[in-house]
Q: 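Below: one structure in structure tokens.
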Amino acid sequence: MAANNSDLGKGLIVSFGEMLIDFVPTVSGVSLAEAPGFLKAPGGAPANVAIAVARLGGKAAFVGKLGEDEFGHMLAGILKENGVSADGVTFDKGARTALAFVTLRADGEREFMFYRNPSADMLLTPDELNLGIIRSAKVFHYGSISLIVEPCRSAHLKAMDEAKSAGALLSYDPNLRLPLWPSAKYAKEQIMSIWEKADIIKVSDNELEFLTGSSKIDDEAAMSLWHPKLQLLLVTLGENGCRYYNKNFRGSIDGYHVKTVDTTGAGDSFVGALLGKIVDDHAIIHDEARLKEVLKYACACGAITTTKKGAIPALPQHSDVLSILQ
């Protein structure tokens, strides 16, 4: 269940997009074909963020579509068990809940093979959106996978515009998964097509390289992604922490060194912690001293998430974070 002893805000954070089942091999460092077995782990980046918020004591809702199947109802149940509103979830009778088989390298990094042809999340239509929940968001968070095909792309655009019109802060984590896109060129075009709408953008070091075409992970590369309406740009660097960029300041936060088992969900845990801390006080984004404290907390959440297999099962509660910060 969600923790209730943190100082996360109580404004509603709505995550939009995909929720799926990750099948994680029981043995790391082998190919999918060589894996002797798999652990079933709920995941999907936007859903991970919603549950990360709730686990830390915040208020979250998820908007998306699942299959009218056992996995779909299981995932909806997991949202509710973790204190996340599932009132924005719809079910498709004709398509299955998405599955992903995740290969874990020896260093905990991942490779994906997806089963979605199409999966239910791809079939969400604009008319199926729960606009009441979306318009209630203080922060509206999303990725790019929902931009790949119609009708979900149109649903994504409508949801984003409705949230913005209602005064929400827009948070964007592209969460690049190239195997899902027809081509790298199309992926970059679509990811960038909504770039200038976001107030907060989080990219990983690999995504920074992909979007800029530069092999350098530095301030110049990061700032090439800046747009005039952007309030905060974050570049996560795995165990090396993150870099942050505001129009008035920039800097870095060191990471936390832990025994990494599986990096799935670490970035989502980071984002959930960040959004939970700023949802009721957007001014934190422009106060460097306060922002640094929030980002230390977020980096700790990301680090803890890498110490267990799977995304949602590994997301920390507030008490877990305090243990690593002390």
Q: Any salt bridge (Lys or Arg N to Asp or Glu O under 4.0 Å) involving residues 91-104? Give me the pairs, sequence neighbours left out, ordered by first then second residue.
A: Lys65-Asp92

Q: Using side-chain heavy atoms (C-beta onward) and a distance below 4.5 Å, is Ile194 in contact with Leu157?
A: yes

Q: Determine yes or no for a side-chain-to-main-chain donor-acceptor pair under 3.5 angstrom, with Thr212 supplying the side chain and Ser214 the backbone.
A: yes

Q: Sequence neighbours left out, what passes ring pair (Phe, Tyr, Trp, His ring centres under 6.0 Å) with Phe114? Give chain and number order.
A: Phe112

Q: Looking only at side-chain N and O atoms, does Glu239 offer a donor or acceptor that is under 3.5 Å from a partner on Tyr256?
A: no

Q: Between His227 (side chain) and Ala198 (backbone), is there a donor-acceptor pair under 3.5 Å?
A: yes

Q: To the nearest 0.5 Å, what is the distance between CD1 (Ile201) and CG (Leu234)?
A: 10.0 Å

Q: Can you tell me if NZ on Lys308 sees more than 12 non-hydrogen neighbours from other groups inside 6.0 Å?
A: no

Q: Are more than 12 heavy atoms from other residues, nucleotides or ligands located less than 6.0 Å from atom NZ of Lys138?
A: no

Q: Heavy atoms, side chains only, cut-off 4.5 Å: are Thr260 and Thr307 in contact?
A: no

Q: Taking the side chain from Glu150 and the backbone from Ser154, do they hold a donor-acceptor pair closer than 3.5 Å?
A: yes

Q: Does any part of the side chain of Asp287, heavy atoms only, come nearer than 4.5 Å to the side chain of Ile284, both counted from C-beta?
A: no

Q: Check for a donor-acceptor pair, side chain of Ser15 on one end and backbone N or O of Pro46 on the other, with a separation under 3.5 Å.
A: yes

Q: Would you please say whether a donor-acceptor pair under 3.5 Å links the side chains of Glu162 and Ser165?
A: no

Q: Apply the test salt bridge (charged side-chain N to carboxylate O under 4.0 Å, His left out) to residues Asp161 and Lys197: give CA-CA distance (whole Å), side-chain angles for both, the deciding distance (0.1 Å), then the verdict.
A: CA-CA 9 Å; Asp161 288 345; Lys197 291 182 179 289; 3.7 Å; yes

Q: A side-chain contact here means heavy atoms from C-beta on lying under 4.5 Å apart; do Met74 and Ile21 qualify?
A: yes

Q: Can you check whether Leu176 reaches Ser144 side chain to side chain, under 4.5 Å on heavy atoms?
A: no

Q: Hey, are the side chains of Val203 and Pro174 touching, using non-hydrogen atoms and a 4.5 Å cut-off?
A: yes

Q: Answer yes if Trp181 and Leu123 sit in the same cluster of Ile, Leu, Val, Met, Phe, Trp and Tyr residues linked by side chain heavy atoms under 4.5 Å apart, and no otherwise.
A: no

Q: Is the side chain of Ser269 donor-acceptor paired with the backbone N or O of Cys301 at a distance under 3.5 Å, no angle test?
A: yes

Q: Can you see which heavy atom on Ala41 is nearest to which on Val24, and at what distance?
A: CB-CG2, 4.3 Å

Q: Looking only at atom types and distance, does a side-chain atom of Asn246 sit under 3.5 Å from a main-chain N or O of Ile285, one as donor and one as acceptor?
A: yes

Q: For the residue pair Tyr186 and Gln190, establish whether any side-chain heavy-atom pair is separated by less than 4.5 Å.
A: yes

Q: Let me know which of Phe23, Phe71, Phe101 forms a ring pair (Phe, Tyr, Trp, His ring centres under 6.0 Å) with Tyr115.
A: Phe101

Q: With Phe140, which residues qualify under ring pair (Phe, Tyr, Trp, His ring centres under 6.0 Å), at least two apart?
A: Tyr142

Q: Checking salt bridge (charged side-chain N to carboxylate O under 4.0 Å, His left out) for the pair Lys296/Asp254: CA distance, chi angles, key distance, verdict?
A: CA-CA 8 Å; Lys296 288 177 185 176; Asp254 291 336; over 6 Å; no

Q: What's the shortest heavy-atom distance between Met19 and Ala47, and which atoms?
A: CG-CB, 3.5 Å

Q: Should we say atom CG of Asn248 is surrounded by more than 12 heavy atoms from elsewhere, each under 6.0 Å from it?
A: yes

Q: State which residues pass side-chain contact (heavy atoms from CB on, under 4.5 Å) with Asp268; sequence neighbours excluded, sorted by chain then number.
A: Ala45, Asn48, Val49, Asp173

Q: Is there a donor-acceptor contact under 3.5 Å from the side chain of Asn130 to the main chain of Asp87?
A: yes

Q: Distance from Phe270 atom CZ to Ile304 atom CD1, nearest 0.5 Å?
A: 13.5 Å

Q: So Phe16 and Phe62, ring-ring contact (aromatic ring centres under 6.0 Å, His included) or not? Walk me through it.
A: CA-CA 6 Å; Phe16 174 91; Phe62 175 74; 8.1 Å; no

Q: Looking at every non-hydrogen atom in both residues, tell me the closest pair between Ser171 and Val271 and how far apart they are.
A: OG-CG1, 4.3 Å

Q: Does Asp22 form a salt bridge (charged side-chain N to carboxylate O under 4.0 Å, His left out) with Lys40? I'd like the steps, not just the answer.
A: CA-CA 6 Å; Asp22 287 328; Lys40 180 180 63 182; over 6 Å; no

Q: Working to the nearest 0.5 angstrom, can you tell me the gap between Lys229 NZ and Glu196 CD?
A: 7.5 Å

Q: For a quick test of reading the model, state the closest non-hydrogen atom pair linking Ser31 to Thr103 and the distance between them.
A: CA-CG2, 4.2 Å

Q: Tell me whether the guanidinium CZ or amine NZ of Lys202 lies under 6.0 angstrom from the six-membered ring centre of Tyr172 and within 45° of its axis.
A: no

Q: Rounded to the nearest 0.5 Å, how far does CD of Gln317 lie from CG of Leu315?
A: 10.0 Å

Q: Rounded at 0.5 Å granularity, tell me how far CD in Glu207 sits from CD1 in Ile191.
A: 7.0 Å

Q: Please enumerate all residues that pass ring pair (Phe, Tyr, Trp, His ring centres under 6.0 Å) together with Tyr245, with sequence neighbours excluded.
A: none

Q: Do Asp121 and Ser119 meet the criterion of a side-chain donor-acceptor pair at a distance under 3.5 Å?
A: yes

Q: Is it the case that one hydrophobic cluster holds both Ile278 and Ile253, taking links as side-chain heavy atoms less than 4.5 Å apart, direct or via other members?
A: yes

Q: If you group Ile, Leu, Val, Met, Phe, Trp and Tyr by side-chain heavy-atom gaps below 4.5 Å, do Ile51 and Ile13 land in one group?
A: no

Q: Any link between Leu99 and Leu124 through a network of hydrophobic side chains (Ile, Leu, Val, Met, Phe, Trp, Tyr) touching at under 4.5 Å?
A: no

Q: Pairs in or reaching into residues 76-100: which pass ring-ring contact (aromatic ring centres under 6.0 Å, His included), with residues at least two apart or in two chains?
A: His73-Phe91

Q: Determine whether the side chains of Asp127 and Thr125 contain a donor N or O and an acceptor N or O closer than 3.5 Å.
A: no

Q: Walk me through it: do Arg243 and Asp218 pass the test salt bridge (charged side-chain N to carboxylate O under 4.0 Å, His left out)?
A: CA-CA 9 Å; Arg243 294 197 62 79; Asp218 58 17; over 6 Å; no

Q: Is there a side-chain contact between Ile200 and Leu275 in this structure, where contact means two heavy atoms from C-beta onward sitting under 4.5 Å apart?
A: yes

Q: Would a single hydrophobic cluster contain both Leu20 and Met122, if residues Ile, Leu, Val, Met, Phe, Trp and Tyr are joined by side-chain heavy-atom contacts under 4.5 Å?
A: no

Q: Inspect the contact between Asp320 and Arg55 and indicate whether a charged nitrogen and a carboxylate oxygen are less than 4.0 angstrom apart.
A: no

